[in-house]
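Below is one structure, written out as structure tokens; the observations come after it.
Side-chain atoms are counted along with the backbone in the values below, which use heavy atoms only and exclude waters and symmetry mates.
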Amino acid sequence: MKKLFEKIVEGVLACSGFVTSITIVLIILFLFSEALGLFNSRVIEEGYVLALNKDNKVSELTPAQIKNVFDEEITNWNEVGGQDMPIRLFRLEDITEYYTEEELGAAYEHAGAKITELVERTPGIIAFVPQQFIVRQDSVHLLRDNTISVKDVFAGAEWFPTATPAAQFGFLPLITGTLWVSLFAILIALPFGLSVAIYMSEVANPKIRNLLKPIIELLSGIPSVVYGFFGLIVIVPLIQKMFNLPVGESGLAGSIVLAIMALPTIITVTEDAMRNCPRAMREASLALGASQWQTIYKVVIPYSVSGITSGVVLGIGRAIGETMAVLMVTGNAAVIPHTILEPLRTIPATIAAELGEAPAGGAHYEALFLLGVVLFFISLLINFTVEAVSAQKR
């Protein structure tokens, strides 16, 4: 009977592990299948075209050039490889500036013919209109509508997924913001975390250690939104006043909040690694005449360096994957930051803020899933780093 029970327990555990593994694989496959669809999406908004005059020889524009044209930052065709003539923008809502309601018809039934006629007779025009309104496609010149490229996504410097006629899906500001905040968070958290861990492991008496340890571990259980509120009410105004900034929401505010959130992980892992240093090594160092502090930084820290590194890397993982607190204090500006005092936006904050508004199956929706893939690979790299460090210790 006992052997049967053990077999049943063994089978349940095996099934549980198998189901868990399959679930993880399916989640990853779903993430990749949704994300990679972005590279099959068209640059120009679905159902629309960019129509030029027949004599205009420009055949292709990048998403950034299209945006600059419609933002009137590019005003002449020679700036994009065309003839020396001014660019004239036309959107569907501009049609009443060229034609009367009588010419367009009561139900705008003549709008297509009139728009096509306007493009035919205006040399420098670029018309962003529904494809159905170009009734004689052989009489106009349509810009080539390519699919979104890997270069536009990973090297793009602008994130503007709702821009028309061409959305901007540049990941560079978001990746830079994520790494920027995480780097400064670790630079702030590491000296504090290491100091507290050394104190608890090597200096504090057992009563103080037993009091501090549960308090520090309790910090990791506080919801991130609470840290966000603390940062918004305390840290943001302090930074704004200290550096005389127009707004206090900045990368520095996010880094400080993330540093506070990463401290429990760094302290706990580092302190455990130091306490695992053999007592004989400490006693041998002291017997040779070394002081307590010499023993700490000459014996204990070198022995525990792999555990300390693991704690730091795990702290980085906590910082990179944090969403709510960063969303509340960094200003959410999707621009490449040049200093830590500027507002910025991270990958998790972007996904949390925009996923609910992105149409399912659209390019914006797929771009957010691709951001999830990028975050997945960053976390995977961190996990591999932890495994490598642990292997060195073994």
Q. Cluster question for you: counting only ILVMFWY and a side-chain heavy-atom cut-off of under 4.5 Å, with indirect links fine, are Phe18 and Ile8 together?
A. no
(Q) With a 4.5 Å cut-off on side-chain heavy atoms, are Pro63 and Gln168 touching? (A) yes
**Q.** Ring-ring centroid check Trp180 Phe184, cutoff 6.0 Å
**A.** yes
Q.
What's the separation between atom CZ in Phe243 and atom CD1 in Ile340, rounded to the nearest 0.5 Å?
A. 10.5 Å
**Q.** Exam field: side chain Glu217 to backbone Pro214, donor-acceptor pair closer than 3.5 Å
**A.** no
Q: Apply side-chain hydrogen bond (donor to acceptor under 3.5 Å, both in side chains) to the pair Glu366 and Ser41, showing each step before the final yes or no.
A: CA-CA 9 Å; Glu366 292 166 343; Ser41 301; 3.1 Å; yes
Q.
A side-chain contact here means heavy atoms from C-beta on lying under 4.5 Å apart; do Ile266 and Leu194 qualify?
A. no
Q) Quick check: does any side chain N or O of Arg144 sit under 3.5 Å from a backbone N or O of Ser59, one acting as donor and the other as acceptor? A) no
Q.
For the CZ atom on Phe229, are there more than 12 heavy atoms of other groups (residues, nucleotides or ligands in this structure) within a distance under 6.0 Å?
A. no
Q) Are Arg88 and Ile126 close enough that some pair of their side-chain heavy atoms sits under 4.5 Å apart? A) no
Q) How long is the gap from CD1 on Ile44 to CD1 on Ile66, to the nearest 0.5 Å? A) 5.0 Å
Q: For the pair Glu79 and Ile87, evaluate side-chain contact (heavy atoms from CB on, under 4.5 Å) and give the outcome as yes or no after the intermediate values.
A: CA-CA 10 Å; Glu79 298 179 56; Ile87 297 174; over 6 Å; no
Q: Indicate, with yes or no, if the rings of Tyr98 and Phe90 have centres closer together than 6.0 Å.
A: yes
Q. Quick one: are Val49 and Val129 in side-chain contact, heavy atoms under 4.5 Å?
A. yes
Q.
Run Leu52 and Ile125 through side-chain contact (heavy atoms from CB on, under 4.5 Å) and show every step you take.
A. CA-CA 6 Å; Leu52 311 180; Ile125 195 169; 5.9 Å; no
**Q.** Any Lys67 side-chain heavy atom under 4.5 Å of Glu158 side chain
**A.** yes
Q) Is atom CZ of Arg279 surrounded by more than 12 heavy atoms (other residues, nucleotides or ligands) closer than 6.0 Å? A) no
Q) Has the side chain of Thr330 got a donor or acceptor atom that lies under 3.5 Å from a matching backbone atom of Gly251? A) no
Q: Taking Asn244 for its side chain and Gln240 for its backbone only, find out whether a donor-acceptor pair lies under 3.5 Å.
A: no
Q: Taking all non-hydrogen atoms of both residues into account, name the closest pair between Leu232 and Pro237 and its distance.
A: O-CD, 3.4 Å
Q) Minimum heavy-atom separation for Ile347 to Leu371, with atom names? A) CG2-O, 3.6 Å
Q. About how many Å separate OG of Ser379 and CZ of Phe377, when rounded to the nearest 0.5 Å?
A. 11.0 Å
**Q.** Heavy-atom neighbours of Glu72 CD exceed 12 at 6.0 Å
**A.** no
Q. Around atom NZ of Lys54, are there more than 12 heavy atoms of other residues, nucleotides or ligands at under 6.0 Å?
A. yes
Q.
Within the 4.5 Å heavy-atom criterion, are Ile208 and Tyr199 side-chain neighbours or not?
A. yes
Q: Verify the distance criterion only: is there a donor paired with an acceptor across the side chains of Thr295 and Ser285 at less than 3.5 Å?
A: yes
Q. Taking C-beta and beyond as the side chain, do Lys114 and Glu103 meet within less than 4.5 Å on heavy atoms?
A. yes
Q | Side chains of Ser224 and Glu322, donor plus acceptor under 3.5 Å | A | yes
Q: To the nearest 0.5 angstrom, please state how far the OG1 atom of Thr350 sits from the CZ atom of Arg345.
A: 4.5 Å
Q | Check: Glu109 side chain, Ala107 main-chain N or O, donor-acceptor pair, under 3.5 Å | A | yes
(Q) Between Val257 and Val326, does the side-chain contact (heavy atoms from CB on, under 4.5 Å) criterion hold? Intermediate values first, please. (A) CA-CA 8 Å; Val257 171; Val326 178; over 6 Å; no
**Q.** Heavy-atom donor-acceptor pair, Asp145 side chain to Val43 backbone, under 3.5 Å
**A.** yes
Q.
Under 4.5 Å between side-chain heavy atoms, counting indirect links through other Ile/Leu/Val/Met/Phe/Trp/Tyr residues: same cluster for Trp159 and Phe70 or not?
A. yes
Q: Using only heavy-atom distances, determine whether the side chains of Ser201 and Glu271 contain a donor-acceptor pair under 3.5 Å.
A: no
Q. Linking I/L/V/M/F/W/Y whenever any side-chain heavy atoms sit under 4.5 Å apart, do Phe128 and Leu92 land together?
A. no
Q | Ser250-Glu342 side chain donor-acceptor pair, cut-off 3.5 Å | A | no
Q.
Donor-acceptor check, side chain of Asn68 to backbone of Glu73, threshold 3.5 angstrom: yes or no?
A. no
Q.
Side chains of Ser139 and Thr116, heavy atoms from C-beta outward: is any pair under 4.5 Å?
A. yes
Q: Please step through side-chain contact (heavy atoms from CB on, under 4.5 Å) for the pair Ile301 and Val305, ending with a clear verdict.
A: CA-CA 6 Å; Ile301 291 179; Val305 68; 5.6 Å; no
(Q) Side-chain heavy atoms nearer than 4.5 Å, only ILVMFWY residues, links allowed to pass through others: does that put Phe192 and Met274 together? (A) yes
**Q.** Heavy-atom pair with the smallest gap, counting every atom of Val329 and Ala253
**A.** O-CB, 3.7 Å
Q | Contact summary for Val269 and Gly307, nearest pair of heavy atoms | A | CG1-O, 3.5 Å
(Q) Would a single hydrophobic cluster contain both Phe369 and Ile378, if residues Ile, Leu, Val, Met, Phe, Trp and Tyr are joined by side-chain heavy-atom contacts under 4.5 Å? (A) yes
Q) Under the 3.5 angstrom rule, does the side chain of Asp152 hit a backbone N or O of Ile148 as a donor-acceptor pair? A) no
(Q) Before you tell me yes or no, could you show the steps for Glu46 and Arg42 under salt bridge (charged side-chain N to carboxylate O under 4.0 Å, His left out), namely the whole-Å CA-CA distance, both residues' side-chain angles and the distance that decides it to 0.1 Å? (A) CA-CA 7 Å; Glu46 186 177 357; Arg42 295 288 174 179; over 6 Å; no
(Q) Does Glu202 form a salt bridge (charged side-chain N to carboxylate O under 4.0 Å, His left out) with Arg275? I'd like the steps, not just the answer. (A) CA-CA 8 Å; Glu202 305 297 323; Arg275 288 179 65 80; over 6 Å; no
Q) Going from CG on Leu183 to CG on Leu258, what distance comes out if it is rounded to the nearest 0.5 angstrom? A) 12.0 Å
Q: Report yes or no: do Glu60 and Asn146 form a side-chain donor-acceptor pair below 3.5 Å?
A: yes
Q: Nearest 0.5 Å please: distance from the SG atom of Cys15 over to the CD1 atom of Ile22.
A: 12.0 Å
Q) What's the shortest heavy-atom distance between His364 and Glu354, and which atoms? A) NE2-OE1, 2.8 Å
Q. Closest heavy-atom contact between Ala353 and Leu327?
A. CB-CD1, 4.0 Å
**Q.** Tyr99 atom OH: more than 12 heavy-atom contacts under 6.0 Å
**A.** yes
Q: Measure from the side-chain N and O atoms of Asn76 to the backbone N and O of Met85, and report whether any donor-acceptor pair falls under 3.5 Å.
A: yes
Q | Aromatic contact, Phe160 with Phe169 (centres under 6.0 Å) | A | no
Q: For the pair Trp77 (side chain) and Gly124 (backbone), establish whether a donor and an acceptor sit closer than 3.5 Å, ignoring hydrogens and angles.
A: yes
